Amino acid sequence: MTVSTLTLNDGNQVPWIAFGTGTALRQQDVQSPVENAIANGFTHLDGAQMYENEESFGIAIKASGTPRSALFVTTKLNQLQPDQTAKTALQVSLKKLGLEYVDLYLVHAPGHHAGRLKEVWKMMEECKRERLAKSIGVSNFGVAHLQEILEGAEFPPSVNQVEIHPYAWKSLQPVIALHKEHGIITSAYGGLTPLFRAPGGPLDPVIEKIRARLESTRGKPVSIGQVLNKWLQQYGILVVTTSSKADRMREYLDTANVPELTTEEIESIENAGAQRYYKFLVLSD
């Protein structure tokens, strides 16, 4: 299965969906799930220093036998130790991953670098100039954090990875508007939160109705997870998801083959989402 790509503001291409090694896989040996993800069609693999599993992540990449050029690997900068910079931290990650470069390097959380965001971003830019990272970006950044690093930046962030689902959508509009202004790709984690972390809300009947319509139109099964991922995909959002089950991995990738939601269906998702505010992770302070 060929995974479609999004074009970053530096001209690089990124697969629209990634297999993440955080959440339930954090601090776990991820060799088996990452190998399974690659075997089932994922080419974009999303990791982080904070997840403390880069060694097994790298072992999985090597064991898969997949050419490096066929994979898109992301990692994220953790809180810096006193003697570290974003560059030296990345060099440690590259050694753990067994790679010469990552495709995308993100500042994981602005709160880790309070008062030093511009300084940290300058070092991220050095990582890009030295080709240790092909593209650079951020995660969990709000409007004020983005404005702080955009001022005087040589390279604007290519990506901002944030928690996105219908129950957070309304609150995210200011940051998404800033993304559009600067060509920053919006990336989503926690996209299936309404199903797994906040069930029983106003979104549930709306999603089920759309799922049934899509399944009827397609003539093949459509899951409620695919409805939410399709909603994200239609906005050009980069989706980060995870699972330990091969059939679920294939289901996520198969979202690309699900019929598109109508304008009315998209509006109904967002109207239902606006009735409830919920976020499971707060890292942007």
Side-chain angles (χ1 to χ4, degrees), residues 8 10 12-15 18-39 42-113 116-117 119-141 149 154-155 157-161 187 189 238 240 242 244 283:
L8 301 177
D10 61 5
N12 291 327
Q13 300 287 314
V14 56
F19 181 81
T21 59
T23 56
L25 298 178
R26 186 170 170 171
Q27 297 178 316
Q28 304 294 313
D29 184 321
V30 296
Q31 180 178 352
S32 179
V34 170
E35 282 192 64
N36 284 339
I38 296 170
F42 276 92
T43 56
H44 184 176
L45 308 167
D46 180 279
Q49 295 162 6
M50 187 190 292
Y51 303 158
E52 298 179 24
N53 54 21
E54 287 178 309
E55 292 95 339
S56 57
F57 186 178
I59 290 168
I61 291 171
K62 185 175 182 181
S64 76
T66 305
R68 175 66 183 92
S69 59
L71 297 174
F72 188 104
V73 178
T74 296
T75 197
K76 308 180 194 77
L77 174 67
N78 199 2
Q79 193 160 5
L80 290 168
Q81 300 303 310
D83 59 341
Q84 273 189 321
T85 67
K87 178 181 171 181
T88 60
L90 177 56
Q91 288 169 330
V92 171
S93 285
L94 292 174
K95 188 172 182 180
K96 290 178 179 179
L97 291 164
L99 301 176
E100 294 183 356
Y101 67 92
V102 290
D103 297 274
L104 181 61
Y105 187 32
L106 306 179
V107 181
H108 204 150
H112 289 164
H113 315 285
R116 297 180 58 199
L117 280 180
E119 175 190 340
V120 168
W121 188 250
K122 291 298 179 190
M123 192 56 65
M124 295 289 287
E125 291 179 326
E126 185 172 333
C127 292
K128 179 174 173 62
R129 283 195 300 272
E130 296 189 13
R131 300 184 181 180
L132 297 174
K134 288 191 172 182
S135 298
I136 53 175
V138 296
S139 182
N140 302 296
F141 272 48
I149 63 169
E154 179 182 354
F155 302 112
S158 290
V159 169
N160 185 16
Q161 186 182 117
S187 178
Y189 66 80
L238 195 172
V240 180
T242 193
S244 59
L283 280 171

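All values below were derived from every heavy atom in this structure, side-chain atoms included, with hydrogens, water molecules and symmetry-related copies excluded. Quick caveat, the model's predicted, so the values are computed rather than measured.
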Looking at every heavy atom in both [X] and [Y], which two are closest together, and how far apart are they?
X    : Y    : result
L104 : G137 : CD1-N, 4.3 Å
A48  : N53  : O-OD1, 4.5 Å
A86  : Y105 : O-OH, 2.7 Å
S56  : V30  : OG-N, 2.9 Å
L8   : S158 : CD2-O, 3.9 Å

One pair to check against side chain to side chain donor-acceptor pair (under 3.5 Å): S64 and E35. What are the steps and the verdict? CA-CA 6 Å; S64 76; E35 282 192 64; over 6 Å; no
With rounding to the nearest 0.5 angstrom, report the [atom1] to [atom2] distance, [X] to [Y].
X    : Y    : atom1 : atom2 : answer
T242 : Y189 : OG1   : OH    : 14.5 Å
E55  : D29  : CD    : CG    : 10.0 Å
L132 : S93  : CG    : OG    : 11.0 Å
L90  : L99  : CG    : CG    : 10.0 Å
D103 : N12  : CG    : CG    : 8.0 Å
K62  : L97  : NZ    : CG    : 13.0 Å

pair [X]-[Y]: side-chain heavy atoms closer than 4.5 Å:
X    : Y    : answer
L45  : T21  : no
L117 : P110 : yes
N140 : Q161 : no
D46  : K76  : yes
K134 : V102 : no
V120 : L80  : yes
F155 : R129 : yes
I38  : F19  : no

Y101 six-ring face occupied by R68 cation (under 6.0 Å, within 45°): yes
Evaluate K122 against E119 for salt bridge (Lys or Arg N to Asp or Glu O under 4.0 Å), listing each step before the verdict. CA-CA 5 Å; K122 291 298 179 190; E119 175 190 340; over 6 Å; no
Do the side chain of [X] and the main chain of [Y] share a donor and acceptor less than 3.5 angstrom apart?
X    : Y    : result
S187 : L238 : yes
Q28  : L25  : no
E125 : E154 : yes

Give the C-alpha distance, both sets of side-chain angles, the deciding distance and a yes or no for side chain to side chain donor-acceptor pair (under 3.5 Å) between N78 and Y51. CA-CA 9 Å; N78 199 2; Y51 303 158; over 6 Å; no
Using a strict threshold of under 4.0 Å (side-chain N to carboxylate O), is an ion pair present between K128 and D10? yes
Do E130 and K87 meet the salt-bridge criterion of a basic N to acidic O distance under 4.0 Å? yes
Would you please test T75 and Q49 for side chain to side chain donor-acceptor pair (under 3.5 Å) and show each step? CA-CA 7 Å; T75 197; Q49 295 162 6; 5.2 Å; no
Going through the distances and angles, do I61 and V73 end up as a side chain to side chain contact (heavy atoms under 4.5 Å, CB included)? CA-CA 10 Å; I61 291 171; V73 178; 4.0 Å; yes
Full working for side chain to side chain contact (heavy atoms under 4.5 Å, CB included) between T66 and L71: CA-CA 8 Å; T66 305; L71 297 174; 3.8 Å; yes
Begin from the C-alpha positions of V34 and F42 and carry the test side chain to side chain contact (heavy atoms under 4.5 Å, CB included) through to its verdict. CA-CA 9 Å; V34 170; F42 276 92; over 6 Å; no
Within a reach of under 6.0 Å around CD of E100, are more than 12 heavy atoms found that belong to other residues, nucleotides or ligands? no
Taking the six-membered ring for Trp, is the centroid-to-centroid distance between F141 and H108 below 6.0 Å? no
Side chain to side chain contact (heavy atoms under 4.5 Å, CB included) for V159 and V14? Distances and angles first, verdict last. CA-CA 10 Å; V159 169; V14 56; 5.6 Å; no
